[in-house]
Amino acid sequence: MANEVTIPLLPCASIDEVAEFYVMLGFTVTYRQYRPNAYLSVRREEINLHFFGIPGYVVEQSYSSCLIQVEDPRSMYEAFAAGMRAVYGQVLLTGIPRMTRPRRDGFLFVDPGGNWIRVVPAVREREPSRNGLTRALRNAVTLAGSHGAERQALKILEGALVRETHASEEERESALEFRDELLERLGLHG
């Protein structure tokens, strides 16, 4: 079959907080229902996300996640970051909500419902990693982004930066950028 569409239904404690957050990111509310059950749908170009409210839902314990594939994750990040700066005065790197800086493989944001939304390139033909720095960066991103283990991620990344002397300048630059982000998130960057 052709033209199938899948739309994730993500939990949240408050559809109003989620609506405000996604409007800030440039989405439009396409549907909102309070009774008999809280329900919200938002849309940005071809991206559709739907949310359902759960009374007493603990967002910090959320395991909900969604993957969004786009042609240019960096430009989407810039649009989202501009919205976040306009509302909060900065891009939020910690807490809920938050958003990571973009890398070659995209970026991640956590919405007020505790949902982990990963924005990645639409076409990903991943080359096998030629060195340990690329693998270490990938592992550090996963640890910090998905598990909140910034200190462990920093330790892995700093060790690889010392060991992997033959990494390309691009790989080293990506690793250093993420190391700086981790230092900032941990409050160790001046």
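Numbers for residues simply follow the sequence, beginning at 1.
Between the side chain of Thr94 and the main chain of Arg185, no donor-acceptor pair closer than 3.5 Å is present. Listed for the Thr100 side chain is a donor-acceptor partner under 3.5 Å among the backbone atoms of Leu108. A donor-acceptor pair is defined here as one N or O able to donate and one able to accept, closer than 3.5 Å; no such pair exists between the side chain of Arg118 and the backbone of Val120.
Screening residues 19-42 for salt bridge (charged side-chain N to carboxylate O under 4.0 Å, His left out), with sequence neighbours left out, gives Asp16-Arg32.
At a threshold of 4.5 Å between non-hydrogen side-chain atoms, the residues Leu49 and Arg43 do not count as touching. Annotation: side chain of Val119 is in contact with side chain of Val70 (closest heavy-atom distance under 4.5 Å). Side-chain contact between Arg151 and Leu188: present, with at least one pair of heavy atoms (C-beta onward) separated by less than 4.5 Å. By the 4.5 Å heavy-atom criterion applied to side chains, Phe52 and Leu40 are not counted as neighbours.
Taking Ser64 as the reference, Leu10, Pro11, Tyr57, Ser62, Asn115 meet the side chain to side chain contact (heavy atoms under 4.5 Å, CB included) condition, with sequence neighbours excluded. Judged as a side chain to side chain donor-acceptor pair (under 3.5 Å), and not counting sequence neighbours, Arg44 has no contacts.
Here Arg74 contributes atom CZ and Arg103 contributes atom CZ; the two are 9.5 Å apart, rounded to the nearest 0.5 Å. Between Leu92 atom CG and Met99 atom CE the span is 8.5 Å, to the nearest 0.5 Å. The line from CG of Leu157 to CZ of Arg138 is 13.0 Å long, rounded to the nearest 0.5 Å. Taken to the nearest 0.5 Å, the CD1 atom of Ile15 stands 12.5 Å off from the NE2 atom of His50.
Grouping the Ile, Leu, Val, Met, Phe, Trp and Tyr side chains by contacts below 4.5 angstrom, directly or via other members, places Phe109 apart from Tyr63. If you chain together hydrophobic residues whose side chains sit under 4.5 Å apart, Val141 and Leu143 never meet in one group. Cluster annotation: Ile156 and Phe178 are assigned to distinct hydrophobic clusters (Ile/Leu/Val/Met/Phe/Trp/Tyr, side-chain heavy-atom contacts under 4.5 Å, transitive).
Residue Ile7 shares its hydrophobic cluster (ILVMFWY side chains chained together at separations under 4.5 Å) with Val5.
Considering all non-hydrogen atoms of both residues, Ala160 and Gly132 come closest at CB-O, 4.4 Å. Of all heavy-atom pairs between Cys12 and Val18, the closest is CB-CG2, 3.6 Å. The two residues Leu137 and Ser174 make their nearest non-hydrogen contact at CD2-CB, 3.7 Å. Nearest heavy atoms, Ala175 versus Leu161: CB-CD2, 3.8 Å. In terms of heavy atoms, Pro73 sits closest to Pro121 at CG-N, 3.5 Å. For the pair Ile47 and Ile68, the tightest heavy-atom approach, listed with the atom from each and the gap, is CD1-CG2, 3.6 Å.
Here Glu177 does not pair with Arg104 in a salt bridge; the nearest charged N to carboxylate O distance is not below 4.0 Å.
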Identify each donor-acceptor pair in which a side-chain atom of residues 75-86 lies under 3.5 Å from a protein atom, sequence neighbours left out, and give them as a table.
unit_1, atom_1, unit_2, atom_2, d
Ser75, OG, Asp72, O, 3.1
Ser75, OG, Asp72, OD2, 3.2

Let me have the donor-acceptor pairs involving side chains of residues 163-170, under 3.5 Å, with sequence neighbours excluded, atom names and distances please.
unit_1, atom_1, unit_2, atom_2, d
Arg163, NH1, Gly159, O, 3.3
Ser168, OG, Glu171, N, 3.1
Ser168, OG, Glu171, OE1, 3.1

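Of the candidates Tyr39, Tyr22, Phe21, Phe51 forms a ring-ring contact (aromatic ring centres under 6.0 Å, His included) with just one, namely Tyr22.
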